[in-house]
Amino acid sequence: MQTLRASWFGFEKHWLWYRRNWRATAVSSFLSPLLFLVALGLGFGSQVQSTALIGGVPYLQYLAPALVVITAVQGATFESTYAIMSSFLWQKTYIGMVATPITPAQVVYGQVMWIGSQLFVRSVVFVVIAVALGAAGGPGIGLAVLFATLAGLAFSCPLIAYSATLDKPDSFNTVFRFVLMPMTLFTGAFFPVSQLPNWLLPLVWLTPAWHGIELARGATFGTLGLLPALGHTAYLVAMIAVGLFFSVRFFHRRLAV
Amino acid sequence: MFVNVGGVENLVEAKALTKHFGTFEAVRGIDVEVRRGEAFGFLGPNGAGKSSTMRMVACVSGRTGGELKVLGMDPDRDGPKIRARIGVVPQLDNLDLELTVRQNLQIYGRYFGMSRQRCREKAVELLEFAQLADRADHEVEPLSGGMKRRLTIARSLVNDPELLLLDEPTTGLDPQARHLLWDRLFRLKQDGVTLIITTHYMDEAEQLCDRLVVMDGGRIAAEGSPSELINRYSTREVLELRFQPGAEKPDLERFAERVEVLPDRLLLYTQDGEHTLAKVHEHGVQPIQSLVRRSSLEDVFLRLTGRTLVD
Amino acid sequence: MTRTLDPANRTAPASVGLVWRIIPPGLYGGRASTLVERSALVNRRGWFVLVGGAFEPILFLWSLGLGFGQFVASVAGPDGQPVSYAAFVAPALLAASAMNGAVYDATFNVFFKFKYAKLYDAMLATPMGPLDIAMGEIAWALLRGGLYSAGFLAVMLGMGLIASPWALLALPAALLVAFAFGAVGMAATTFMRSWQDFDLVQLAVLPMFLFSTTFFPLSVYPGWLQAVVTWTPLYHAIELMRGLTLGVVGWGMLGHVVYFAVLAAVGTVVAARRLGSLLLD
């Protein structure tokens, strides 16, 4: 109970910041996924001549639930890299927080709660707009909000742990370029992973994006079985748990006096 | 009165020089001459117009009015030519944090158009001068404040400047680092480099400057050598009397040539401090603390402006 | 900025006067190349990041062949003849990556050095002027962009996406495009007050990337929107690249070249003058 309240304070601090600075993040968090949906779903979609590969559904509808997930994972990446480093090094907000009775673990929980709630809100907005654009393949697209948030957090938590060990932002570019970018393109959001060479598949299965997309798309088109659903969810939850465990450790090491 | 007499050459000549930023008048018509080989100081509190003047002399800020000649040339027309022959140490270190200590010196030489070979040699020489040879291939960021300052000064010397501009060279440094820096500046002076220094530290001005101007509110309030200024505007000694905070301070005008009333103490300007103190005691005045010291530039400034310099 | 000028200087010949008014003395010291030298020195240890920049467009190309191309067998090319989807998009990605790279270098990187590192202040204490800085920064961005573009073209060749020897000209064309975007981006950066303003950069670049016929032909749009799209600079860049790599070349292409040459010149002069008035007040 104590932990929950303390974490809530951390969350509040983020909210106060956001109220003053929302404009800067509005483009990347709301507008850009929407533009992608329109350009690829509608624009590219209008050129699509064969949908055999994706089970005969319109490309726009095929893309929409996966794009929710991809957007969440991308958002999570930014929130878990520079933002974390800044709180340690530049703005030193974490340093200030642990000078109060708040513990390093509670700082982590507050941070993750904040990221999770942001991902959730962004996903809701995205899905509402997708439905308005006729991009919903079924009522199940509503569940994509939950799966996107889950996948986002599954990538966020280990990344927070990693960021907490760094003193320089130099390696973030490597993360964006060699992890985030391939994960965006090759985990089934834009075309089925069956198109990829077989040797690549095990790597794809490791990514939270693939699990999230399987869940979100399955829910949308009503093709999701109970066992696969449990399996994917369990994997994502496990990533969150492991990520949190290491985050707490590293935050402790860095912040405890 | 010394202009061009006996081969003395003025490296900087300003007449009625002004600088406005919008409606703010940073420099309000100053006349300054800096002679070859001397160490010249601009003394004054923050906002007195020292840095604006320095930026104009360094040819990185156009003047609003008046005349300015640096090394005999007009900064508006020959900025690059003048900058090629002067060195600048800005108020805040702006070292290249993406390069090592040595690379900072080498690339700066390249900005002046020096050959790579010459830059390499110069860097070695300057690392020695700045006592940074053992840090040559280190990153800049982790260096101490004093080391960064020395590196900035070394960098400003890469083109063997005839004139070196130093904007508050020791602000923010600890006493040891300041003395080390002063030592380096003395050496430069001995080597014939003309120095222009801004400072709001009295001791620094007294240590380094042959001649200085006191600036206040964009104008020059007085000009001369430190000892001349002290003789002209102050007495030989100063008696400082401290009283209980809030207690009414006694009227002691008749015991001194001049009395300054500060919030916490009285300053009595007199030729013989001990003698004055005795008379004050005889009069039955009992301060909680008393101190006799020699007059300094601080007193000159107080006399000229009615304010203390560093608050 | 009122300056007292020598009367002698006021009566400069008219032709010199014009040049002087655009590029006042002190703006240029003729040492832009030393800034490139500095960038090379800084990046000597970061070659990995440098090479890594080529990785992204190659991933894009690969995803085109593997995925997107499976949905769309062919698209109408510049001359109306059908071309494979990958051959249609690849030159557009070349143009877009020239734009993205140049804009990134000229905005984020320059803003950081300008506002926080105070690097340019130190440079201006030397004989270098603002124009040296603007040209030096842009030249480095071009060198880097040129490296990426060459790599990209090589991969295109390997994937059989180049239909004509005209494609050789795609490299200088990519440099010109990058020059123009870099110069305009740098000029824009001098007007920015804080990091918050960079969402405006995103707001300009992202819609252009997505909607300037990168992924689908102009014919998708209704008539009035087509007119809007043809106004964007990236559209001109893509037209240029597509024509060259697909071998559909005409005199009309010189129009695109002039378009970017003008952007580049105006951007550079504005950037140098703004840097000058901000740093040399």
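Below, chain A is the first sequence line, B the second, and so on; all start at residue 1.
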Give a yes or no on this: more than 12 heavy atoms of other residues, nucleotides or ligands lie within 6.0 Å of atom CZ of A/F176.
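Atom CZ in A/F176 is packed in, count exceeds 12.
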Part of [X] lying under 4.5 Å from any heavy atom of chain C:
X     : value
A/L40 : side chain
A/Y59 : side chain
A/L53 : side chain

Are the side chains of C/F209 and A/L35 in touch, meaning some heavy atoms are under 4.5 Å apart?
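Result no, sub-4.5 Å side-chain heavy-atom pair not found.
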C/V220 side chain reached by A/F44 side chain, heavy atoms, under 4.5 Å:
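No, their side chains stay 4.5 Å or more apart.
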When rounded to the nearest 0.5 angstrom, what is the spacing between CD in A/Q195 and OG in C/S63?
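One gets 12.0 Å once the value is rounded to the nearest 0.5 Å.
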Who among C/F68, C/F60, C/F215, C/Y221 has the most heavy-atom pairs with chain A under 4.5 Å?
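Looking at each of C/F68, C/F60, C/F215, C/Y221 in turn, C/F68 comes out on top.
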Where is the tightest heavy-atom contact between A/A39 and C/F216, given as atom of each residue plus distance?
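Smallest interatomic distance, heavy atoms only, reads O-CE2, 3.1 Å.
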Going by salt bridge (Lys or Arg N to Asp or Glu O under 4.0 Å), name the residues that satisfy it together with C/E239, two or more places apart in sequence or in a different chain.
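Expected list: none.
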Contacts of residues 180-193 of chain A with chain C (heavy atom under 4.5 Å):
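So far as heavy atoms go, A/M181, A/P182, A/L185, A/F186, A/F190, A/F191, A/P192 are the residues that approach chain C to under 4.5 Å.
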I'd like to know if the side chain of A/Q49 reaches the main chain of C/A73, judged simply by a donor and an acceptor atom lying under 3.5 Å from each other, with no hydrogens or angles considered.
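Such a contact is found between A/Q49 side chain and C/A73 backbone.
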